[in-house]
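Following: one structure in structure tokens, then a few remarks.
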Amino acid sequence: MVTYFRPNSLKICVDSILSNTKLPYKLYIIDNSHGNINATLKSYENNNNIVIYKNSANIGKGAAFMRCYNNVIKKHDVEHFISIDPDIEVGPNWLSKMLTAKNRIKRQTNFGILAPIFQNEKNNKLAMHVTNINTHEIMDSIYVNRYTAGPLLLIDKNFFNAVNGYPTNQLYGNEDGYLCKKANNRNLFAGFTTSITVNHLAIDDDDEYVKWKKRNAHGNIDHKGRWD
């Protein structure tokens with residue numbers, strides 16, 4: 001998890017993970033806020049499931065994620081991991097449901113990326129950053145879309161390593177979308193499961209994160225790259 005400000009949604013997100021995750025896990029929080037959310041993070045310092053890293057400057061999601069991944073997560077002997085943004089609220093058994101869906105997919109096709117359905121504050125369900133409207137069903141409750149991307153992704157580790165992970169040259173961009181495009185180019189599953197819904201929070205819409213976002217994102221173009 002990479003965060004920049006978002007102190008209120010971060011707390012809701014982390015608390016929901018702590019309350020609703022029954023399987024063994026380790027949550028790595030990478031803080032790009034250079035001290036501005038220390039009060040929020042302090043309450044998690046003694047939790048054995050959580051490891052906190054702090055960057056001295058905001059280097060963007062991709063660069064921050066890859067720094068932690070290469071130094072820590074890559075060394076773990078696991079088949080998959082989850083990239084999650086700090087503005088998501090998960091529900092009961094969310095992780096076991098994700099893994100059940102992933103296993104069903106792997107029995108029928110090569111797996112790359114799986115996302116849940118995201119529900120916004122108006123209770124509208126949507127798949128985040130979908131750029132291809134020709135979404136089609138490939139099996140019960142599991143759909144595939146070439147550019148399904150969003151703030152919670154279950155990612156195959158071998159695929160992630162093979163494509164060198166997230167792009168790191170964007171301060172604010174569609175890193176998830178680029179990753180899903182790479183999965184599609186390799187004929188790997190990149191889609192979402194309708195059996196899981198998570199809340200996409202907007203509680204910090206007036207905080208420093210949004211001010212920074214508006215400074216660095218102009219239409220569909222970020223300051224170093226273009227959304228795909």
Side chain to side chain donor-acceptor pair (under 3.5 Å) partners of S16, counting only residues at least two apart:
none
Rounded to the nearest 0.5 Å, what separates atom CZ in F118 from atom CG in N199?
11.0 Å
Which residues satisfy the side chain to side chain donor-acceptor pair (under 3.5 Å) test with R186, sequence neighbours excluded?
none
Shared hydrophobic cluster for I29 and L95 (ILVMFWY, side-chain gaps under 4.5 Å):
yes
Check the pair I50, L18 against side-chain contact (heavy atoms from CB on, under 4.5 Å), reporting the backbone distance first and the verdict last.
CA-CA 9 Å; I50 296 177; L18 293 175; 4.1 Å; yes
For the pair Y166 and F65, name the ring-plane relationship: parallel under 30°, tilted 30 to 60°, perpendicular over 60°.
perpendicular
Just jot down the side chain to side chain contact (heavy atoms under 4.5 Å, CB included) partners of K22, sequence neighbours excluded, or say none.
N93
Are L179 and Y28 grouped together when hydrophobic residues (ILVMFWY) are joined by side-chain heavy atoms under 4.5 angstrom apart?
yes
More than 12 heavy atoms from other groups under 6.0 Å of CG on N46:
no
Contacts of T40 that satisfy side chain to side chain donor-acceptor pair (under 3.5 Å) - sequence neighbours left out
none
In terms of hydrophobic clustering (I, L, V, M, F, W, Y; side-chain heavy atoms under 4.5 Å; direct or indirect links), are L27 and L99 co-clustered?
yes
I'd like to check the side chain to side chain contact (heavy atoms under 4.5 Å, CB included) partners of N110; sequence neighbours left out, ordered by chain and number.
L188
D31 side chain vs S33 backbone, donor-acceptor pair below 3.5 Å:
yes
Within the structure provided, determine whether K61 and D176 are in side-chain contact (heavy-atom separation under 4.5 Å).
yes
Contact between V90 and L152 at the side-chain level, heavy atoms closer than 4.5 Å - yes or no?
yes
Can you tell me how far OG1 of T3 sits from CD1 of I52, rounded to the nearest 0.5 angstrom?
11.0 Å
Atom CG in L154, atom CD1 in I84: separation rounded to 0.5 Å?
11.5 Å
Kindly indicate whether the side chain of L114, heavy atoms from C-beta on, has any atom under 4.5 Å from the side chain of H80.
no
Pairs flagged by salt bridge (Lys or Arg N to Asp or Glu O under 4.0 Å) wherever residues 66-80 is involved - sequence neighbours left out:
E79-K102, E79-K106
From CA spacing to verdict: side-chain contact (heavy atoms from CB on, under 4.5 Å), K182, F160:
CA-CA 9 Å; K182 291 178 180 178; F160 195 76; over 6 Å; no
Contact check, side chains of N55 and N32, non-hydrogen atoms, under 4.5 Å:
yes
Smallest separation among heavy atoms of I196 and P116, with atom names
O-CB, 3.6 Å
Who passes salt bridge (charged side-chain N to carboxylate O under 4.0 Å, His left out) against K11, sequence neighbours left out?
D15
Run the side-chain contact (heavy atoms from CB on, under 4.5 Å) test on L41 and L10 for me, step by step, so that the C-alpha distance in whole Å, both residues' side-chain angles and the decisive distance to 0.1 Å come before the verdict.
CA-CA 9 Å; L41 293 173; L10 173 65; 3.9 Å; yes
Distance, nearest 0.5 Å, that separates CH2 of W94 from CG of N20
9.5 Å
Side chain to side chain donor-acceptor pair (under 3.5 Å) pairs, two or more places apart, involving residues 151-162:
Y69-N161
Quick one, I82 and Y25 - any side-chain contact, counting heavy atoms below 4.5 Å?
no
In sequence, state the C-alpha distance, the side-chain angles, and the governing distance for R6 and C13, and then conclude on side-chain contact (heavy atoms from CB on, under 4.5 Å).
CA-CA 10 Å; R6 297 180 174 179; C13 177; over 6 Å; no
Using the rule side-chain contact (heavy atoms from CB on, under 4.5 Å), only one of C68, S83, P86 pairs with M1; which is it?
P86
Gap between atom CG of L23 and atom OG of S96 - 0.5 Å precision
5.5 Å
The reported gap from CD1 in I105 to CD1 in I113 (rounded to nearest 0.5 angstrom) is 11.0 Å
I12: partners by side chain to side chain contact (heavy atoms under 4.5 Å, CB included), with sequence neighbours left out
E89, L201, I203
Test side chain to side chain donor-acceptor pair (under 3.5 Å) applied to Y53 - qualifying residues, sequence neighbours left out:
none
Given side chains that start at C-beta, do those of Q108 and F189 come closer than 4.5 Å, heavy atoms only?
no
